[in-house]
Amino acid sequence: MKRDKLLNQKGFTLIELLAVITILAIVMLLAAQSVTTALTNAQRRSFIIDVERIVEAAKLAYTDALLNNQTKNSNQFCMSMDYLKTHGLEKHDDKVKGSVLVDVSNVTARYTVYLDNEQFSLNGVSLDGLDVGKLSPGGTVPSTNCGGNGSTLPN
């Protein structure tokens with residue numbers, strides 16, 4: 001009689017429990033991978049937004065330098081992050097280091113960035129071709145002198 005009671009009990013077998021645990025583990029791995037990818041993409045977009053904001057500040061600083069006759073009759077001007085901070089750059093990630101080159105050899109100004117935020121890097125990329133695909137791994141020492149191009153604007 002005791003034996004019949006044990007056989008009639010309802011419950012899950014060890015195999016069923018292992019199957020459920022395995023399925024849950026696979027679902028967790030897929031979810032973690034999706035979250036990691038989404039986080040990385042958001043960080044890349046954030047860096048691009050910071051770069052665009054920095055270039056906008058460079059445009060304003062260059063216009064200001066033109067109005068104040070500080071362009072030294074040169075076609076290329078290099079603006080460090082320190083220069084941009086003293087000329088109106090606000091609300092950007094303090095981890096971003098580097099410089100922006102303004103090239104006015106043609107009729108229109110062309111902006112080239114040399115920036116790094118320890119996670120992503122843009123080294124010598126023109127604003128025209130700026131997209132997430134141009135990002136390199138960060139941690140490189142960005143050029144604070146625009147890769148040796150251009151003259152530095154006076155403070």
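Owing to the predicted nature of the structure, the values given are computational and were not obtained by experimental measurement.
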K.L.:
Between E56 and K59, is there a salt bridge with N-O shorter than 4.0 Å?
P.N.:
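A salt bridge links K59 with E56.
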K.L.:
If you look at every heavy atom in L84 and A58, which pair is closest and at what distance?
P.N.:
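Heavy atoms of L84 and A58 come nearest at CD2-CA, 3.6 Å.
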K.L.:
Minimum heavy-atom separation for C78 to S99, with atom names?
P.N.:
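Where C78 meets S99 most closely, the heavy atoms are SG-CB, 4.0 Å.
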K.L.:
Just how far is it from atom CZ of R44 to atom CD1 of I49, taken to the nearest 0.5 Å?
P.N.:
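Answer rounded to 0.5 Å: 14.5 Å.
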K.L.:
What's the spacing between F120 CZ and K95 NZ if we round to 0.5 Å?
P.N.:
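Reported to 0.5 Å precision, the distance equals 11.5 Å.
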K.L.:
Which residues, ordered by chain and number, are linked to L60 in its hydrophobic cluster, where ILVMFWY side chains connect at heavy-atom gaps below 4.5 Å, directly or through other members?
P.N.:
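Joined to L60, directly or through intermediates: none.
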K.L.:
How far does CE of M81 sit from CG of L115, to the nearest 0.5 angstrom?
P.N.:
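Going from CE on M81 over to CG on L115, the span is 6.5 Å.
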K.L.:
Could you check whether any side-chain heavy atom of K97 comes within less than 4.5 Å of a side-chain heavy atom of N117, counting everything from C-beta outward?
P.N.:
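When only atoms from C-beta onward are counted, N117 and K97 do not touch, as no gap falls below 4.5 Å.
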K.L.:
Nearest 0.5 Å please: distance from the CD atom of Q119 over to the OG atom of S46.
P.N.:
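Interatomic distance, Q119 CD to S46 OG, rounded to 0.5 Å: 9.0 Å.
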K.L.:
Might you point out which heavy atoms bring Y83 and A61 nearest each other, and give the distance in Å?
P.N.:
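Closest approach of Y83 to A61: CE2-CB, 3.9 Å.
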K.L.:
Heavy-atom distance under 4.5 Å between the side chains of V113 and V55, does that happen here?
P.N.:
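Sidechains of V55 and V113: in contact.
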K.L.:
Do V100 and F77 come within less than 4.5 Å of each other through their side chains, counting heavy atoms only?
P.N.:
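V100 vs F77: side chains apart.
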K.L.:
For V104 and Y62, work out which heavy atoms get closest and say how close.
P.N.:
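Result for this residue pair: CG1-OH, 3.3 Å.
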K.L.:
To the nearest 0.5 Å, how far apart are OH in Y114 and CG in L101?
P.N.:
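Going from the OH atom of Y114 to the CG atom of L101 covers 5.5 Å.
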K.L.:
If I take atom CG from residue N68 and atom CG from residue D64, how far apart are they, to the nearest 0.5 angstrom?
P.N.:
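Output value for this atom pair is 5.0 Å.
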K.L.:
Sequence neighbours excluded and cut-off under 3.5 Å, please list the side-chain donor-acceptor pairs for residues 14-32, or say none.
P.N.:
unit_1: E16; atom_1: OE1; unit_2: T13; atom_2: N; d: 2.9
unit_1: T22; atom_1: OG1; unit_2: L18; atom_2: O; d: 2.8

